[in-house]
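Worksheet for the structure shown next.
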Amino acid sequence: MARKTNVTDKGKLRGIRKRWLLNSISVVLLILVLAVGSFAAALWSYYYTSTEDDLYKKASNMANSFRNYTQLEYRAAAQQTINSYAEKNQLELQFLDVTGAVTFSGNDLTAGSTPETPDIQSALENRTTTPWRGRDPFTGERIAAASSPVVYRGELVGVIRYVTSLSGIDRQFAFTMVVITTIGVIIFAMVYLSNLYFIRSIVEPLAGITETARLIADGSYGIQIEKKFDDEIGVLTDTINDMSLKIRQSEKTQNEFISSVSHELRTPLTAITGWAETIQSGELRDPRDVRKGMEIIVSEARRLGNMVEELLEFSRMADGRFTLSVEPMDLKAELEDAVYTYKEFFRKEGIELNYQDCEEELIPISGDPERLRQVFCNLLDNAAKHGGSGKRIDVSLRQEILDAVIQIRDYGPGVPVEELPFIKNKFYKGSSKARGSGIGLAVCEEIITRHEGRLDVGNAEGGGCVVTIRLPVES
């Protein structure tokens, strides 16, 4: 099953690589094709259209200079022009008669021929100057030509035609296009390779992260990914690593919690069962022994009840069923009731409980009396459980400007400094060997937080632990 998952993950990563390349490369290819196409169109216009325009102007200008000649004068002037024509090696000049035959030409080979190309036909029939590009009907060579009619007093006396070979222009155009296409291919190759490198720099770390996430999902909590980048991939790596460590810590804490709760449940159940069986057997004859056994059974049963209630409270917190019944209340009276309840019990345990009253007769707040008394009792119980070795617990209440401040201090060993940041975490017990589920402080903080207050745990000067509660006072 794991192998199939791994293959699927690799397939997804290959899919990412394929989609990335398809999307990015197709866009780059489209841009390059458009750029090369636009450049080719511009180059074509520059080479060929400009050549046709140049021939058109030359033919028109030459025809205008012959417009005052009769047919005989036209032939004589044409002969004289051909004899003095200096550009015959670059551009051929032809003089045609009214039938379309070449009378005089800078190239003696074409004299007497009848090309019958579209430009000549248009000049003869429509009497308009017309450019043309195509293949020479005699040689098959690609040429450009422009023919312009010579008209004297409304009568056509001849046609002047300029002709040039396009072979040189074709070679120049082809060479330029090869260069541009090669540059485009090089650019495309560079973009493709850079995309491959970029994708590899993303996909390979993602493959490692995916594999690690799969291992975490399979139960390998705490496994870490090597961080190679400080970008978004690095942030994702840090997040996965942190998640892995937290899951391992949560798993460890949960196992410790189950073990602790099992032990906490087993101990009172063993005492209850043992004393109940002893009393049931009738072995105890002395009523005082029976009464003592019954007291132990009641005490352990009450402790079990408190533990179950604590677990239920935590369950309500976890699934959102934890609610408060807020009403106007006297904080001082509720705290005094909790202190009075525990004073005699602590005295039997050899612990002195001191209460320092505040000057105010009444400290009004809005809160849930039952929940706050639960907090006070839990904190007093913790103080005796973890700091009872100091044989003294101090409780004080004072009112500051906006807050009522309650402090509960014991004179025990205190909390190790390295454990203070975690002391309020659920299931956390640290190095303490005292009985408990490790969720009491988490429940207390939840109750105080929902009262818009704050609960702080720290070590007091001179030794011991001090818990400080701040609750907002009604104005």
Side-chain angles (χ1 to χ4, degrees), residues 37 40-178:
L43 194 65
W44 180 277
S45 176
Y46 173 75
Y47 281 143
Y48 296 103
T49 305
S50 61
T51 299
E52 289 182 356
D53 291 342
D54 186 57
L55 294 177
Y56 179 91
K57 292 177 182 178
K58 285 181 178 292
S60 296
N61 293 335
M62 182 65 73
N64 287 334
S65 68
F66 277 73
R67 69 178 180 274
N68 295 323
Y69 294 138
T70 64
Q71 194 166 8
L72 292 176
E73 292 171 338
Y74 163 75
R75 290 176 64 85
Q79 178 67 59
Q80 185 179 358
T81 301
I82 287 296
N83 292 336
S84 61
Y85 185 58
E87 296 180 277
K88 60 179 65 179
N89 294 329
Q90 291 83 27
L91 190 65
E92 182 180 357
L93 174 60
Q94 297 176 349
F95 290 89
L96 290 78
D97 59 21
V98 294
T99 64
V102 179
T103 305
F104 303 104
S105 172
N107 183 357
D108 295 334
L109 296 177
T110 60
S113 62
T114 306
E116 296 184 349
T117 56
D119 59 309
I120 298 174
Q121 297 297 326
S122 178
L124 292 173
E125 296 173 4
N126 303 325
R127 297 187 180 184
T128 58
T129 303
T130 305
W132 173 77
R133 186 174 64 249
R135 293 193 176 276
D136 189 290
F138 304 112
T139 65
E141 182 183 10
R142 273 177 48 80
I143 61 172
S147 299
S148 182
V150 178
V151 180
Y152 175 73
R153 293 183 179 181
E155 182 181 354
L156 181 68
V157 298
V159 174
I160 296 176
R161 185 175 187 240
Y162 277 93
V163 182
T164 185
S165 173
L166 293 178
S167 57
I169 296 177
D170 289 341
R171 287 193 297 271
Q172 184 65 31
F173 178 78
F175 175 76
T176 306
M177 287 306 302
V178 168

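- In this structure, G154 and R127 approach most closely via the heavy-atom pair O-NH1, 2.9 Å.
- Residues P149 and T129 are in side-chain contact: their nearest non-hydrogen atoms beyond the backbone lie under 4.5 Å apart.
- Between G158 and V98, the shortest heavy-atom contact is N-CG1, 4.1 Å.
- Between A59 and A146, the closest heavy-atom pair is CB-O, 3.7 Å.
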*Step by step, work out the side chain to side chain contact (heavy atoms under 4.5 Å, CB included) result for L93 and I82.*
CA-CA 8 Å; L93 174 60; I82 287 296; 4.2 Å; yes
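- Using a 4.5 Å heavy-atom cutoff, the side chains of W44 and F173 are in contact.
- Of all non-hydrogen atoms in S148 and S60, the two that sit nearest each other are OG-CA, 3.9 Å.
- Within 6.0 Å of atom CD in E73, more than 12 heavy atoms from other residues, nucleotides or ligands are found, so the atom counts as buried in its surroundings.
- Of all non-hydrogen atoms in R135 and R142, the two that sit nearest each other are NH1-CG, 3.6 Å.
- When E92, Q90, E141 are each tested for a side-chain hydrogen bond (donor to acceptor under 3.5 Å, both in side chains) with S165, only one passes: E141.
- Separating the CG atom in L156 from the CG atom in D97 is a distance of 9.5 Å, to the nearest 0.5 Å.
- Side-chain N or O atoms of T81 include one that pairs as donor or acceptor with a backbone N or O of A77 at under 3.5 Å.
- Residues L166 and Y48 form a side-chain contact, since some pair of their non-hydrogen atoms from C-beta on lies under 4.5 Å apart.
- Atoms OG1 and CG, from T103 and L96 in turn, are 6.5 Å apart once rounded to the nearest 0.5 Å.
- Within the 3.5 Å criterion, the main-chain N or O of N64 finds a donor-acceptor partner in the side chain of R67.
- Taking 4.5 Å as the limit, every side-chain heavy atom of T114 sits out of range of all side-chain heavy atoms of T99.
- Here the OG atom belonging to S84 is positioned 10.0 Å from the CD atom belonging to Q79, to the nearest 0.5 angstrom.
- Within a 6.0 Å sphere centred on CD of E155, other residues, nucleotides and ligands contribute 12 heavy atoms or fewer.
- At a threshold of 4.5 Å between non-hydrogen side-chain atoms, the residues T51 and R133 do not count as touching.
- Panel note: side chain Y74, backbone V151; no donor-acceptor pair is recorded below 3.5 Å.
- A 4.5 Å side-chain heavy-atom check between L91 and Y162 finds at least one atom pair inside the cut-off.
- Between the S65 side chain and the M62 main chain, a donor and an acceptor come within less than 3.5 Å of each other.
- Closest heavy-atom contact between Y47 and Q172: OH-CG, 3.0 Å.
- Atoms CD1 and NZ, from I160 and K58 in turn, are 13.0 Å apart once rounded to the nearest 0.5 Å.
- The shortest distance between side-chain heavy atoms of S147 and V159 falls below 4.5 Å.
- With values rounded to the nearest 0.5 angstrom, T49 atom OG1 is found 12.5 Å from D54 atom CG.
- Taking the side chain as every heavy atom from C-beta outward, T117 and R161 approach each other to under 4.5 Å.
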